[in-house]
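Notes to accompany the following structure.
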Amino acid sequence: MNKKKTVLTAKQEMSISNAPLKKKISFFSAMLIVVGSSIGAGIFLRSASVLNGSQGSMVLAMFAWLLAAFAVIAMALALVEVVSANTNNNLSLIGWCKQFNNRTIYKASKNFMFFVYLPLTYFFLPLYVLIQLQDGIGAFMHVGGGAPGTFTFGTSQDALIWTVIGLGISLYFIFGAGLSSRIGNIQNWIITSLKFIPLVIAGIIGFVYLGVQASQGIDLRPGIDGPSAGIIPQDPATGPISLGASSPVFGVVLSIVGIFFAFDGFYIAAGLQTEMKEPKKTPLALLFGLLFVTAAYLLIAVSMSLNGDGSFFGFGEWLANNNAAWLYGLVNVLIAVGILGILNGFAMWAPRFTADLISEGELPFSDKFKNQLNSSTPKIGIMYSLVITLPIIVIFTLIGTFGYIDNGIYSFTDNTSGEQLSIYGSGMEKLLPFADLTANWTALFAFGFIVASIAGCLRNRKTRKVVVEKQKYFVPMAYISVILISIAISTEILVRVFDLFLLSSVQNGVGANTTDIVSRIMLVVALAIVIGLSFLPTVIEDYMDKKRGLMPRSGSSSNNFENKTNNVDSTKANTHDDLQVRSNINSVTNSVNKIEINIPKDQQPSQRV
């Protein structure tokens, strides 16, 4: 026992909680990290869809932003206790699910992050960068009044050309920021210094627009107020009925999923507690930081909703008519830079969490590559990222360009011919809404797995299987986040499935329903793909292991040992079970010694006791 106390004291001395204060994060710095990891280009990508989902009602749209922000803040505060467990920080939500949930949820989170989240992020983020650049370049080329155009190649295969360019952007960040954290950090500083400029401009311009329009006697209230929250009648003679469009209430709940995308990344800041000078102030840093982000998002959303469109795109014509097309172009270019910042941060993290999964034997052919891992330059992680990313981008580009139809915000109706034309080039009117679809589903499932880890941590309050630093506010915040986000997720899934069955409401003789049919089917198909890629790999893995006569894999030896050790620590105060505890420690130590030769020295469980 004396020896154990000596080892624990040594660990405590090396702990960051006893490091010099000058190496730690102040309260204000922590708050800035929260703001920097949360705020960004998401508001520009989702503000219009939130207003549209709220049936044009600014009041309902603001309620959606507030409700989503409340859920995010509750989740962030609950995560403080979740991340206090001894988990691998690189694995993020994968590690949390492994610590607090059963094998099925853990494996699903791992499969989702590697087979879905990783490649699809490299699919849709570059497309968002490119459409902002198209708007910006089009504005710089614009002469005179009227709405600025967008830059296109004018070919029949514009979507494929832009995808190739987007792939080039992804490859740059994969090899640049992925291989060198120094390059990634330099790019992060540059991007961060620029990304707040469009946020400030967007937060002001709508009110300037309102003042100018009011001075000219133009009443904007009909466009601002929108419809009531009652039931909206739908005529089956004009197309299939949609549950999501039947009431703004459904629209608000569905909009929350898109808002989650705007807040995506906030959970990175939840692990700041051990890095702060005053760890007890972590919840306040999260609270004030996210309140600032929420206030900024509300201001920008209101500002951009004053044009009736909900996006900065709606100010293009007004700015051009006032000889300020250059400002419209500049803001769009800077929005693109902000999205590149998201891609830069993700490219720095993705190969590292992939390498950690390889080290734990959780990815195919891990045994062949785990001995070649290098923490400073994650070449193996990048190789795995490329192998999964390239084919997924190709497959989803082909599906989006040739197999998806959605005449939404990326197309317009020609007044002469009545034909739907693409704003961003041939095929982009199909590819971009499909990219929105994949982005929303990935954000939805990411938040779902985070909620699963919080729910598991709630159960841990009773079972005490994992040692955590208990927070007095955890239980109410956990219940709030689990309930609100579960409602949003279940509503999103149920509405999309119901809308598919409501295609039967189409009456005979109604034409031009291909758009509704294809878009609704593809919504459910995309959902099925995400679910399949999350759960099927484990089923296949278990089948192959069973066929070879092996036991199902449940994670790395070090983590299994860690969980058992935590179980011992959580019950060590019970003197009645002291003999059983000692027996468990001895049996675990013996089992670890048998497999010690297969584990790198820096990860050996025997060094952690």
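If you're wondering where the values come from, they're calculated on a predicted model, not measured in any experiment.
Residues passing the ring pair (Phe, Tyr, Trp, His ring centres under 6.0 Å) test with F474, sequence neighbours excluded: none. With sequence neighbours left out, F114 forms a ring pair (Phe, Tyr, Trp, His ring centres under 6.0 Å) with no residue at all. For A350, the side chain to side chain contact (heavy atoms under 4.5 Å, CB included) partners at least two apart in sequence or on another chain are L118, Y122, F346, F353. Residues meeting the side chain to side chain contact (heavy atoms under 4.5 Å, CB included) test with L287, sequence neighbours left out: I73, L291. The side chain to side chain contact (heavy atoms under 4.5 Å, CB included) check on S311 picks up A48, D309, F313, with sequence neighbours excluded. With sequence neighbours excluded, no residue forms a salt bridge (Lys or Arg N to Asp or Glu O under 4.0 Å) with K430. Remark: F447 pairs with F260, F266 by the ring pair (Phe, Tyr, Trp, His ring centres under 6.0 Å) rule, at least two apart or across chains. With sequence neighbours left out, the salt bridge (Lys or Arg N to Asp or Glu O under 4.0 Å) criterion links R459 to no other residue.
The aromatic rings of F124 and Y128 sit tilted relative to each other, their planes meeting at an angle between 30° and 60°. Classification of the F312-F44 ring pair by plane angle, with boundaries at 30° and 60°, yields perpendicular.
Across all their heavy atoms, I43 and M304 have their closest contact at O-CE, 3.9 Å. Taking every heavy atom of both residues into account, L254 and T491 meet most closely at CD2-O, 4.1 Å. Closest approach of Y384 and P364 over heavy atoms only: OH-O, 2.5 Å. Scanning both residues, L431 and F396, for their nearest heavy atoms gives CD1-O, 4.3 Å. Closest approach of A69 and T294 over heavy atoms only: CB-OG1, 3.3 Å.
Residue pairs satisfying the salt bridge (Lys or Arg N to Asp or Glu O under 4.0 Å) criterion with at least one member in residues 435-453, sequence neighbours excluded, are listed as follows: R46-D436. The stretch residues 482-493 participates, sequence neighbours left out, in these salt bridge (Lys or Arg N to Asp or Glu O under 4.0 Å) pairs: E492-R496. Identified under the ring pair (Phe, Tyr, Trp, His ring centres under 6.0 Å) test for residues 60-84, with sequence neighbours left out: W65-Y297.
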Donor-acceptor list for residues 528-539 side chains, cut-off 3.5 Å, not counting sequence neighbours:
unit_1 : atom_1 : unit_2 : atom_2 : d
S534   : OG     : V530   : O      : 2.8
T538   : OG1    : N111   : ND2    : 2.9

